> 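Here it is, the structure in full.
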Amino acid sequence: MRRSLCGKKGDYMRSKTLKISRWLQYIFAAVWLVPLLWMTVTAFRPRQIALSSSFSLEFTLDNFRHVWAAAPFAQYYINTVIIVVCVFAVQMLTATMAAFAFARVEFRAKNVLFMLFLVQIMVPADVLIFPNYNVLKELSLLDTKLGVMLPYFASAFGVFLLRQMFKTIPPELDEAAVMEGYSKWQILWKVYFPLSRPSYIAFGLVSVSYHWNNFLWPLIVTNSVENRPLTVGLAIFAQSFEIGAQWTEVSAATMLVIAPLMIGFLLFQRQFINSFIHSGIK
């Protein structure tokens, strides 16, 4: 009888704890959404009533038209897309080959080398700005798209994520592929690559979001409109003399920058979460 009472009391406490944690999640989510909602509403409101406390259903797209005409956002979009796509393409190639080597290829001191490789995750990218800048200066790659991309062509996080996924694939598939006459290169791209699609989606979202939002390194490296990404263009636009404290234009410009990322995450959020679960990352 006592055990049953204790069990019921324990279940009650667990359910109560779950309810409290769920309400805390809702509260934190609401706090996170407040600035996003404010920015979204401000971006679509006329300038005259943007900061007014009165309620109004009047909305306009003039802010976006003014922003698009006031700064070369089309060029910024092109630059950003080129940088993001090229970096992810090279990262996918290098991370895939390195992850396969650490997961399935046997060589001396593999685990030690892998641990040393993961040390890169603990090194902030900002620490390497000065040496990377000097290297690009010696290579005459300052103010170029290649200069923005070059330090990010290898990703320790991508190697770790894909290695974890590759290790969950049964080794029997390798043996069957060898019996079919596949080389290691063919096994990698015809067996491991298709089976790791969720992890590639997750890595793609992480890589694209990081380089889409990357600000400090492109700000230091680029000086011209032809190579400037969206984040740097947005900062220059927000600080320009013509804009000043016009929050409607600044909010509209911010919406132009973050909208593709928000849409992409909403479309692939399920694959993004599942990939980390399958890779053993919690």
Side-chain angles (χ1 to χ4, degrees), residues 31-53 56 58-88 124-126 129-130 132-133 136-137 141-152 204-267:
V31 172
W32 180 84
L33 283 174
V34 166
L36 180 63
L37 292 176
W38 181 88
M39 181 198 66
T40 304
V41 172
T42 305
F44 287 96
R45 297 191 76 180
R47 182 185 303 178
Q48 297 78 9
I49 62 172
L51 301 180
S52 175
S53 59
S56 175
E58 186 177 356
F59 294 98
T60 180
L61 294 176
D62 290 340
N63 298 325
F64 293 93
R65 286 193 286 266
H66 293 161
V67 166
W68 196 263
F73 275 96
Q75 183 65 49
Y76 294 156
Y77 260 103
I78 294 173
N79 298 339
T80 305
V81 170
I82 291 174
I83 292 171
V84 167
V85 171
C86 291
V87 168
F88 175 62
D126 296 344
I129 286 180
F130 183 71
N132 287 340
Y133 183 89
L136 292 184
K137 185 178 180 181
L141 290 177
L142 294 177
D143 196 24
T144 62
K145 295 182 183 66
L146 181 59
V148 178
M149 296 184 288
L150 194 59
Y152 301 100
L205 287 174
V206 172
S207 176
V208 168
S209 61
Y210 177 83
H211 295 289
W212 191 280
N213 293 318
N214 195 10
F215 172 73
L216 185 58
W217 175 247
L219 176 65
I220 295 174
V221 174
T222 60
N223 295 314
S224 62
V225 174
E226 290 74 16
N227 299 298
R228 189 175 292 154
L230 276 168
T231 51
V232 180
L234 174 62
I236 294 174
F237 174 79
Q239 295 175 359
S240 63
F241 176 79
E242 291 81 6
I243 296 301
Q246 300 299 330
W247 294 108
T248 53
E249 283 85 353
V250 174
S251 298
T254 305
M255 282 293 297
L256 289 175
V257 174
I258 68 173
L261 287 182
M262 294 178 62
I263 295 172
F265 181 76
L266 291 175
L267 290 176

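Index from 1, following the sequence. Just so we're clear, the structure is a prediction, and the values are computed from it rather than from any experiment.
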> Side-chain polar contacts of residues 212-222 - donor-acceptor pairs under 3.5 angstrom, sequence neighbours left out - could you list them?
unit_1: Trp212; atom_1: NE1; unit_2: Val257; atom_2: O; d: 2.8
unit_1: Asn213; atom_1: ND2; unit_2: Ser209; atom_2: O; d: 3.0
unit_1: Asn214; atom_1: ND2; unit_2: Tyr152; atom_2: OH; d: 3.2
unit_1: Trp217; atom_1: NE1; unit_2: Gly147; atom_2: O; d: 3.4
unit_1: Trp217; atom_1: NE1; unit_2: Val148; atom_2: O; d: 3.3
unit_1: Thr222; atom_1: OG1; unit_2: Pro218; atom_2: O; d: 2.5

> State, to 0.1 Å, how close Glu249 and Val67 come at their nearest heavy-atom pair, and which atoms those are.
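Result for this residue pair: O-CG2, 3.2 Å.
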> Apply side chain to side chain contact (heavy atoms under 4.5 Å, CB included) to Thr40 and list each qualifying residue two or more places apart in sequence or on a separate chain.
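Residues passing side chain to side chain contact (heavy atoms under 4.5 Å, CB included) with Thr40: Leu36, Phe44, Met255.
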> Out of curiosity, Asn223 CG to Asp143 CG, how far, rounded to the nearest 0.5 Å?
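Going from CG on Asn223 over to CG on Asp143, the span is 5.0 Å.
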> Output a table of donor-acceptor pairs, distance under 3.5 Å, between side-chain atoms of residues 80-88 and any protein atom two or more places apart or on a different chain; print 'none' if there are none.
unit_1: Thr80; atom_1: OG1; unit_2: Tyr76; atom_2: O; d: 2.8
unit_1: Thr80; atom_1: OG1; unit_2: Leu230; atom_2: N; d: 2.8

> Is there a side-chain contact (heavy atoms from CB on, under 4.5 Å) between Thr248 and His66 once you walk through the steps?
CA-CA 10 Å; Thr248 53; His66 293 161; over 6 Å; no
> Ignoring hydrogens and geometry, is there a side-chain-to-backbone donor-acceptor pair from Arg45 to Thr60 under 3.5 Å?
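Judged by distance alone, no pair lies under 3.5 Å.
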> Partners of Asn79 by side-chain hydrogen bond (donor to acceptor under 3.5 Å, both in side chains), sequence neighbours excluded?
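side-chain hydrogen bond (donor to acceptor under 3.5 Å, both in side chains) check on Asn79 returns Gln75.
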> Please give me the minimum heavy-atom distance between Ala253 and Leu234, naming the atom from each residue.
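So the two residues come closest at CB-CD1, 3.4 Å.
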> If you look only at pairs with a residue in residues 60-80, which of them pass as a salt bridge (Lys or Arg N to Asp or Glu O under 4.0 Å), with sequence neighbours excluded?
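For residues 60-80: Asp62-Arg65.
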> Would Leu136 and Asn132 count as a side-chain contact (heavy atoms from CB on, under 4.5 Å) if you check the C-alpha gap in whole Å, the side-chain angles of each, and the deciding distance to 0.1 Å?
CA-CA 6 Å; Leu136 292 184; Asn132 287 340; 5.5 Å; no
> Locate the shortest heavy-atom distance separating Phe59 from Pro46; write the atom from each residue and the value.
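Taking Phe59 first and Pro46 second, the nearest heavy atoms are CA-CD, 4.4 Å.
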